Amino acid sequence: MTIVQVALDVPVDRLFDYLAPDADVADIGRCVHVSFGNRKCGGIILAISHASAIPHNKLKAVSFIDRDTPALSTSLLKLFEFCSSYYHHPIGQVIANGLPTLLRNPKHQATNQLQHNQEWVLTETGKNIGLEDISSRSKAKRNIFSKLLENGVITAETYQAMTPYVRKQLRELANLGWVAQQASSFQKLPFKVTSSFTPTTEQQHAIAKILAHTDTFTPWLLHGITGSGKTEIYLQIAATLLAQQKQVLVLVPEINLTPQLEAVFRQRFPTTLLVSLHSGLNHTERLQGWLHAQQGKAGIILGTRLAIFTPIPKLGLIIVDEEQDHSFKQQDGLRYSARDLAVYRARQANVPIILGSATPSLESYQLARSGRYQLLQLHTRAISQATLPTIRCIDTRTAPVSEGFSESILKALDQSLRQKQQSLVFINRRGYSPVLLCKSCNWIATCGRCSSRLVVHLRNQQLRCHYCGDRQSIMLTCPQCGDPDILPLGHGTQRIEATLTKQFPQANILRVDRDSIRQKTAWRTILNTIHRGEADILIGTQLLAKGHDFPNLGLVCVLNADSSLYSTDFRAEEHLFAQLMQVAGRAGRAHIHGTVLIQTEFPQHPLYQALTQQDYAAYAQVLLAARKAAYFPPFSYLAVLRAEAPELSEALTFLKQAADTATTTEEYDSIQLFDPVPAYMVRLKGLERAQLLIQAASRKRLQIFLDDWYQKIITLPVRGKLRWHLDVDPLTI
DNA sequence: AGCACGCCGACT
DNA sequence: GTCGGCGTGCTC
């Protein structure tokens, strides 16, 4: 009797046994189709055995084993298993989260074949043809041909990205016998390793150090100020490993940033197949990219956090850009940290990993200080003429502020306009105003489903909840006392836009926030507008702060950042510092000197002191000391058990029950269970939430405790609409 | 998660 | 008399 143990996408952390007479160990890691209950679903075979604890008459036979798609490698399966046990999430759901859905879909079996990739090259005839032999009126043809002359190849991927019209032009060139198709291969031609500028001595030093240890697990923390050329280091190291026929995995925080880094890598490695994996792809695209990676055809795998689950047989290097970014941690379902899993994977594959950041997370920084990670520092900007921006605080206790702006900021904006330089006004608040207040009875517009205030959006005269998305029409009179004297309080991007439009009627003002780039193409369009210099003043939220290069940007103004200074979130300060460093770093990246002006009521606060000095290390010391005193990460390890229910009391009761089941013997003396408390945002989307914090002296102790406790929690009765989850290494508590 | 089974209220 | 509400429990 041969039995396969199958992981299925169900919230039960166990494998299911099926009869499979013809299966053997080679089928481990293969996709299998089974009937489960009264439905059909796909799963992954994780083990083979010859006996089952399930009564024989209850066992069903598998309906199909997909032997056409290569099995998942043992190392990938180990990653899934680690992820499942570390984050306490059912193995089947971990795998489902990490694989393209099409892979398991019984209906799409045929599409699992890798589309045969054809690339285009010049024929012998074609090599004797010059650009001048093509009519100057056929612009598209000329473009294609010059690309071929330059790179020698049009990769299958590039071809895929072409419009039907351009493809037709290419086929016409083929009809002339100048170009021909051939099966694509991975890195056939040498690629350009040169770049337009020579590395600084700091960069050279960092590159040399990393290159000395490319064949073994070495975690590098690359701490480089904004504009110091971290990307150039990534490229140089990647070049070396690609030349060794190794694959490189690059993780970036956000989908907005993938096109940018993708373009840089494509340009530098035009003949290397690059696959880009992020949530914006459709199922087919994602499957194709995944298969290219799995079969070793893709040299570069670039993507957001989900890309950490890509099978990469010849993995030679992992790069995590902006490693401190919170979007590496998934915030629902499987709450994994792609950055932490990346370190696990690098260790597993015995390859180097580069964690890059201008403001490293305190966790990584502490690991570097303690010698677990190797610290590499870049203190100077890569472009020799580029200097660090001047950062200055404007004390709003003494400087009068009108409509959100102090006099000096308006003056600076005016001067920047005269100098024909771009400015950026940073305000981390969407909408027109964050509060709608009744002057006579102090009523404030709040969301009915969340414990949040509604934000005024002047467009459509709406009030919106930024937490649940609810929207309603703005009222004309106070719903509590009927007074018509209700007014918007505080400033959001839209109000700032209105003020600046009035103040500088001659300027081109461009607002960039989630509301203004809702359409898919808008982001590209906006970046183009900025780069063409058609915007004088940019108004933006953090969307604009991340990773973009605006060469003509000289002035950055930060309007209202204090709000997160005295927050309950223990990471708020770290986060604010990183964000302000990042937005300050947008100024003066190329040949103009940057100025950053920050309006604050607390110019003496250590955060602003460190920021004006641009001294990450000094501030990290301050924060680390505070974390140590408070016994917070990286000096302790956390997990949070959260529950939500229609009534807060139900959530609290569940957590209390869970706490009661926890073993509290000496064995766990380094574990602290706190009392269940209401969450900071108690109400969210019509549910009330509570949480219970677990603090531990070591990661290992925490894991041992959670292993035991989790097993007990899953047996607790769950009544009604109550939902709970465990968050290991939570970002916010 | 789905999906069934199962036991109580307002309807053709 | 039945349609359907969602509480409980199982899926190899």
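Sequence lines set the chain letters: A, B, ... in the order given, protein chains first and strands last, and positions in each chain run from 1. On a predicted model such as this, the values are computed, not experimentally measured, just so you know.
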> Of A/Asp727, A/Asp729, A/Asp340, which meets salt bridge (Lys or Arg N to Asp or Glu O under 4.0 Å) against A/Arg335?
Replying inline: A/Asp727
>> Taking any atom closer than 4.0 angstrom to a non-hydrogen atom of chain A, what span of DNA chain B does the protein reach, first nucleotide to last?
In response: B/dA1 to B/dA4
>> Do A/Leu277 and A/Thr304 make a side-chain contact, defined as non-hydrogen atoms from C-beta onward lying under 4.5 Å apart?
In response: no
> Partners of A/Asp513 by salt bridge (Lys or Arg N to Asp or Glu O under 4.0 Å), sequence neighbours excluded?
Replying inline: A/Arg511
> With A/Arg14, which residues qualify under side chain to side chain contact (heavy atoms under 4.5 Å, CB included), at least two apart?
Replying inline: A/Val12, A/Phe16
> Quick one: salt bridge (Lys or Arg N to Asp or Glu O under 4.0 Å) pairs with a partner in residues 463-473 of chain A, sequence neighbours left out?
Replying inline: A/Arg449-A/Asp470, A/Arg464-A/Asp515
>> Regarding A/Glu323 and A/Ser361, do their side chains bring together a donor and an acceptor under 3.5 Å, going by distance alone?
In response: yes
Please table the atom pairs, donor to acceptor, closer than 3.5 Å between any side-chain atom in residues 48-56 of chain A and protein atoms at least two apart or in another chain.
unit_1  : atom_1 : unit_2  : atom_2 : d
A/Ser49 : OG     : A/Ala51 : O      : 2.8
A/His50 : ND1    : A/Met1  : O      : 3.1
A/Ser52 : OG     : A/Asp17 : OD2    : 2.6
A/Ser52 : OG     : A/Ile54 : N      : 3.0

Restricting both atoms to N or O, compile the protein contacts to nucleotides 9-12 of chain C shorter than 3.5 Å, with distance only.
unit_1 : atom_1 : unit_2  : atom_2 : d
C/dT11 : OP1    : A/Lys58 : NZ     : 2.8
C/dT11 : O3'    : A/Gly37 : N      : 3.1
C/dC12 : OP1    : A/Tyr18 : OH     : 3.3
C/dC12 : OP1    : A/Gly37 : N      : 3.4
C/dC12 : OP2    : A/Gly37 : N      : 3.3
C/dC12 : OP2    : A/Lys60 : NZ     : 2.5
C/dC12 : O3'    : A/Asp17 : O      : 2.6
C/dC12 : O3'    : A/Lys60 : N      : 2.9
C/dC12 : O2     : A/Asp17 : N      : 2.6
C/dC12 : N4     : A/Arg14 : NH1    : 2.7

